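Worksheet: one structure, shown below.
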Protein chains: 4
Amino acid sequence: MTAAALASAAFTSTLAPTSTPAWAIDAIIGAGRRMDARGWVPATAGNISVRLGPDRIAITRSGTHKGYLDASSVMQVDLAGRALTPAKPSAETGLHCQIYRLFPQVGAVLHGHSVAGTVLSMRGGDHIRFAQYEILKAFEGQTTHDVVLDLPIVENDQDISALAATIEPAIRGVLPLGYLIRGHGVYVWAGTMETALARLEGLEFLLACELERRKLAT
Amino acid sequence: MTAAALASAAFTSTLAPTSTPAWAIDAIIGAGRRMDARGWVPATAGNISVRLGPDRIAITRSGTHKGYLDASSVMQVDLAGRALTPAKPSAETGLHCQIYRLFPQVGAVLHGHSVAGTVLSMRGGDHIRFAQYEILKAFEGQTTHDVVLDLPIVENDQDISALAATIEPAIRGVLPLGYLIRGHGVYVWAGTMETALARLEGLEFLLACELERRKLAT
Amino acid sequence: MTAAALASAAFTSTLAPTSTPAWAIDAIIGAGRRMDARGWVPATAGNISVRLGPDRIAITRSGTHKGYLDASSVMQVDLAGRALTPAKPSAETGLHCQIYRLFPQVGAVLHGHSVAGTVLSMRGGDHIRFAQYEILKAFEGQTTHDVVLDLPIVENDQDISALAATIEPAIRGVLPLGYLIRGHGVYVWAGTMETALARLEGLEFLLACELERRKLAT
Amino acid sequence: MTAAALASAAFTSTLAPTSTPAWAIDAIIGAGRRMDARGWVPATAGNISVRLGPDRIAITRSGTHKGYLDASSVMQVDLAGRALTPAKPSAETGLHCQIYRLFPQVGAVLHGHSVAGTVLSMRGGDHIRFAQYEILKAFEGQTTHDVVLDLPIVENDQDISALAATIEPAIRGVLPLGYLIRGHGVYVWAGTMETALARLEGLEFLLACELERRKLAT
């Protein structure tokens, strides 16, 4: 990146830009390929981020296909969502930043659109309840299948600040599973990308099971 | 290609043939592999094209499997569907040409057969309605999920001119989604192959969601 | 293969053994990988063959996984099903031979077990009817979607001679689609392996569509 | 591994540790990739083992993703489940050991979580009955489709000793299919990893068929 390119970018943050470390780019590219292979990031849906420091994350840029990411698909923003490298952030960057602000121990955030999550979220209600699944043990703090956990569903909103204000009460406190935006998709997070991907797989497995159960005759 | 081979081909266009550029062949082969991996081009179904100029496109030949294309699988036609290189065009080439004629900004057209699209198209009606899906924002001109968009369904016809005449009124005007031929499959298009593939993924995601929703008990 | 190994094999045919040509082994291995990727050859199910001459075919041996074939997985038999190379033929070799005997123009036969075919075959009836699908044009002699074609279902039987006797009347005459054995799977064939694979994909697409249609509320 | 690392590990078995042979690591890694490709080991679910000798097995460690195993993901335990190499065994190691103790001819055990198995197991009942499937012949001792076989379902329990006590009567005697833990997943086993994988594929195929059948209108 040239000094001219940097100078011409509309930076609004006071943090100095730095180049994104290779581990962060590799983690984001790998997660995108995995999510694409499962069909969870159709078109240019979804976004993927990792924490680079207390006030800085690396995140996929607006409009990229998550199955075909490269280094140029990744940008940096501060925790207010302001660009630290010259690119246009996706509107949903604000939802990633919200999670990093609320949970200092979080190192990676994933957002995908699956058929199961989308369909179930459009059935009404403000949560999906999971109980008696062994895979619930894949979520933080869970030691048994003999538990009831709720995945919150929030209403979709193109005003990301308004959406974030709806999400915040739903995810404060003990919330191991993530959340679902109606007609839209899931957000999950964890200390590392590896754990975040495992959470996403666990949650999508639960959603797939619930969808199948609702198709069976009683 | 030898001069003899060219001379023996039954050219009916007055445009001079030229060799197909590598970027066009690569775009078509790559799209075919992607569509095949998703199960959208069974047997020799589907066809794929890119615009080479104002009056010329590159398109898959008749009878090829879209998951195993190579340079010999691609031919050139003019916008009336007449062969510019020596090979037999698929009957549906005319539907590609129609889109390129109607929309000068279009650079790529994709046609696939998915289970979801085929099954939904055979349920009757002249459209499938999508509403409240975040992924609708993947389509041109859409800025919110809070919208209602209809995918037109037209009756299948082996007379491609007759079929094209049915399609034209359905796709003139503002039509971001594409169209569906009953018992047959979808057509989508965009300025570039990359965007056309994203549109196809977005549309197939919507069709998969709708199919799942119709299986659920009320 | 040593002379001793050959001598010790229980040959019952008077045709001399020859080594299987590389094209035949490659065609069989490739078809197996393709069928495995689609989930149509679970466990050691399925079998795959190509014609080597008027009275000789190459076919997968008994008990092999079709996704992991190599040259040692392929043997030769005559059209009565007798081993021409030292290995144990699968019991269903007789059904392949029946097709090659009945149809001299056939060059490849595929048998797979799909979830859709198995489930639909167990619903009763002696055929599955397909109509108004564009993909019906992938089958020999079909030029329009506006046609009704029946896929015969025959009762399963571990006595392969008895099973073959049941199949023969169902497949003599004009039968472009193949046949289905109840609770078991489909057989398809064509002049070449490439065409046989396209037929299998077309038929499995039709079966998948029919299965989905039967899950929808009326 | 250094002598110090070995000395500091909390060994409780009197068997001497040895390095795990490459064939065992390769078999476990390969099985994990296969199961992951099919979607049967979401998050860190599932576990995989092979027998190394009369009183020793190699098994995946606790908390690993089965699609991304390497040599460090595999540990050794004795048939009482005590670590022979320095790592923490998964809680479910005890269920693997139970199978190896009960069946001296068993060489490999697989445990996975599929959507079909999980959903069907949560429908109540203490078994799933399979009949008239050709693929039943993939299971030991079966020579015909014309048979009725039951897959036992046991209640899930985080107390592995209690769970094992529930399982034992269900799997003693003639039990070719494996067993299913409610809301949890299947266990299968065989003389070799190749055969165990074929059994798992056969069983998952049967479960997928049964799930589809229960979605169809009568």
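Source: prediction; values computed, not measured. Throughout, a chain's letter reflects where its sequence line sits, starting with A, and its residues are numbered from 1.
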Open item on the list: Please check: side-chain N/O of K66(D) versus main-chain N/O of G46(D), any donor-acceptor pairing under 3.5 Å?
Closed with: yes
TODO: Could you tell me whether the side chain of S114(D) and the main chain of W40(D) form a donor-acceptor pair under 3.5 Å?
DONE: no
Task: Heavy-atom contacts under 4.5 Å, residues 195-202 of chain A to chain D - done: A198(A), E201(A), G202(A)
TODO: Below 4.5 Å from any heavy atom of chain D, which atoms of A37(A) appear? Answer side chain, backbone, both or neither.
DONE: neither
- [ ] Could you walk me through whether E155(D) and T166(D) pass side-chain hydrogen bond (donor to acceptor under 3.5 Å, both in side chains), step by step?
- [x] CA-CA 8 Å; E155(D) 300 304 321; T166(D) 308; over 6 Å; no
TODO: Check whether A138(A) gets within reach of chain D through its side chain, its backbone, both or neither, counting any heavy atom under 4.5 Å.
DONE: side chain
Open item on the list: Quick one, L207(D) and F130(D) - any side-chain contact, counting heavy atoms below 4.5 Å?
Closed with: yes
Task: Between A116(D), P42(D), G183(D), the one whose heavy-atom pairs under 4.5 Å with chain A are most numerous - done: P42(D)
Task: With sequence neighbours excluded, residues passing ring-ring contact (aromatic ring centres under 6.0 Å, His included) with Y187(A) - done: H96(A), H111(A), Y179(A)
TODO: Return the option, out of I181(D), L211(D), T44(D), with the maximum number of heavy-atom pairs under 4.5 Å with chain A.
DONE: L211(D)
- [ ] Quick one: list whatever passes salt bridge (Lys or Arg N to Asp or Glu O under 4.0 Å) with E134(A), sequence neighbours left out.
- [x] K137(A)
Open item on the list: Using the salt bridge (Lys or Arg N to Asp or Glu O under 4.0 Å) criterion, which residues pair with R33(D)? Sequence neighbours excluded.
Closed with: none
Open item on the list: So for H184(D), is it side chain, backbone, both, or neither that comes closer than 4.5 Å to the heavy atoms of chain A?
Closed with: both
Open item on the list: If you define the side chain from C-beta out and look only at heavy atoms, does anything of H145(A) sit under 4.5 Å from L136(A)?
Closed with: no
- [ ] Decide, yes or no, whether a salt bridge links D150(A) with R129(A) under the criterion of side-chain N to carboxylate O below 4.0 Å.
- [x] yes
- [ ] Examine whether an atom of D159(D) lies under 4.5 Å from a heavy atom of chain A, and if so say whether it belongs to the side chain, the backbone or both; otherwise answer neither.
- [x] neither
